Amino acid sequence: MIRARVIVASNRASAGVYRDTSGPLLITGLRELGCEVGEPVVVPDGEPVGQALREAVEAGFDVVLTSGGTGLNPSDRTPEVTRAVLDYEVPGIAEALRAHSRDRVPTSVLSRGLAGVAGRTLVVNLPGSTGGARDGLAVLGPILTHAVDQLRGGDHPRSQ
């Protein structure tokens with residue numbers, strides 16, 4: 001079983017100004033992919049995201065998806081705090097996320113989201129929109145099990 005956590009980076013949702021919609025969508029999608037996942041952790045962008053990431057890594061989650069804080073807005077700090085937590089990046093995942101949406105949503109290339117590994121936890125930054133969450137799940141669905149297996153020390157599957 002893959003243990004996952006969702007961290008929503010939203011200054012307004014964390015302050016109760018509005019209800020987050022991307023987190024619940026990610027929870028549902030991860031459960032459909034067979035993951036064990038609780039309710040989203042909603043925090044303001046910036047260092048609270050970094051703290052939530054460090055706690056998730058220390059708790060041994062296999063996968064952590066963040067939602068929000070990846071754009072060009074001056075308050076969008078998720079990539080910076082994520083980079084400080086990662087041991088190494090996996091740029092192909094972030095590239096695939098942007099490429100998946102590019103033709104339908106040209107502004108998706110403005111996302112600065114990262115993907116990488118901290119300890120044995122795969123961390124992926126997703127945009128805060130529900131469309132970004134759906135696209136993220138579409139990209140991650142086919143690779144998630146293999147990525148987690150690799151992080152657990154698994155070998156590459158043999159071709160037939």
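Small disclaimer: the values here were computed from a predicted structure and weren't measured.
Looking at every heavy atom in both residues, G69 comes nearest to P79 through O-CD, 3.2 Å. Minimum heavy-atom separation, Y18 to S10: OH-OG, 3.4 Å. Annotation for L97 and G136: closest pair CD2-CA, 3.5 Å, computed over non-hydrogen atoms. Of all heavy-atom pairs between V8 and G23, the closest is CG2-CA, 3.8 Å. For the residue pair G50 and V81, the shortest heavy atom distance occurs at N-CG2, 3.8 Å. Contact detail for V37 and R31: the closest heavy-atom pair is O-NH2, 2.7 Å.
Judged purely by atom type and a 3.5 angstrom limit, R77 has no side-chain atom pairing as donor or acceptor with the backbone of D45. In this structure a side-chain-to-backbone donor-acceptor pair under 3.5 Å is present from R134 to T130. Between the side chain of R102 and the main chain of S108, no donor-acceptor pair closer than 3.5 Å is present. Of the possible donor and acceptor atoms, none in the side chain of R5 sits under 3.5 Å from a partner among the backbone N and O of V64.
The shortest distance between side-chain heavy atoms of L151 and D149 does not fall below 4.5 Å. Within the 4.5 Å cutoff, no side-chain heavy atoms of L33 are placed close to those of T145. L65 places a side-chain heavy atom less than 4.5 Å from the side chain of L140. Side-chain atoms of I27 and P40, non-hydrogen and from C-beta on, do get closer than 4.5 Å to each other. Contact check for V117 versus V90: side-chain heavy atoms found under the 4.5 Å cut-off. With contacts defined as side-chain heavy-atom distances shorter than 4.5 Å, the pair L26/L126 qualifies. Using a 4.5 Å heavy-atom cutoff, the side chains of I93 and P91 are not in contact. Side-chain atoms of I2 and E36, non-hydrogen and from C-beta on, never get closer than 4.5 Å to each other.
Hydrophobic clustering, with ILVMFWY side chains joined whenever heavy atoms are under 4.5 angstrom apart, groups V63 together with V124. Residue F61 is grouped with residue L53 when hydrophobic side chains (ILVMFWY) are merged at heavy-atom distances under 4.5 angstrom, including chains of intermediate members. L122 and V148 fall within a single hydrophobic cluster, where Ile, Leu, Val, Met, Phe, Trp and Tyr are joined by side-chain heavy atoms under 4.5 Å apart, directly or via other members.
Heavy atoms of other residues, nucleotides or ligands lying less than 6.0 angstrom from CZ of R19 number 12 at most.
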Requested in this report: May I have the step-by-step check of side chain to side chain contact (heavy atoms under 4.5 Å, CB included) for L86 and V123, ending in yes or no?
Outcome: CA-CA 8 Å; L86 296 178; V123 178; 3.9 Å; yes
Requested in this report: Could you walk me through whether D135 and L137 pass side chain to side chain contact (heavy atoms under 4.5 Å, CB included), step by step?
Outcome: CA-CA 5 Å; D135 289 347; L137 290 166; over 6 Å; no
Report task. Decide yes or no on salt bridge (Lys or Arg N to Asp or Glu O under 4.0 Å) for E47 and R54, but give the supporting numbers first. Result -> CA-CA 10 Å; E47 184 45 38; R54 287 187 294 277; 2.2 Å; yes
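The one candidate from N125, T66, T70 that meets the side chain to side chain donor-acceptor pair (under 3.5 Å) condition with T82 is N125.
Taking CD1 from I7 and OG from S67, the interatomic distance works out to 11.0 Å, rounded to the nearest 0.5 Å. One distance of note links CD of Q150 with CZ of R120; it measures 11.0 Å at 0.5 Å rounding. Taken from CG in D62 to CZ in R3, the straight-line distance is 7.0 Å, to the nearest 0.5 Å.
Other residues sharing a hydrophobic cluster with M1 under the 4.5 Å side-chain heavy-atom criterion for ILVMFWY residues do not exist; the residue is a singleton. The hydrophobic cluster analysis finds V105 isolated: no Ile, Leu, Val, Met, Phe, Trp or Tyr side chain comes under 4.5 Å of it, directly or through other members.
For the side-chain contact (heavy atoms from CB on, under 4.5 Å) test, residues two or more places apart in sequence or in another chain that qualify with E55 are Q51. With sequence neighbours excluded, no residue forms a side-chain hydrogen bond (donor to acceptor under 3.5 Å, both in side chains) with E58. With sequence neighbours left out, the side-chain contact (heavy atoms from CB on, under 4.5 Å) criterion links V17 to R12, A15. Listed by chain and number, the residues in a side-chain contact (heavy atoms from CB on, under 4.5 Å) with V57 are V85, A118, T121 (sequence neighbours excluded).
With hydrogens and angles left out, the side-chain atoms of T78 and D76 include no donor and acceptor closer than 3.5 Å.
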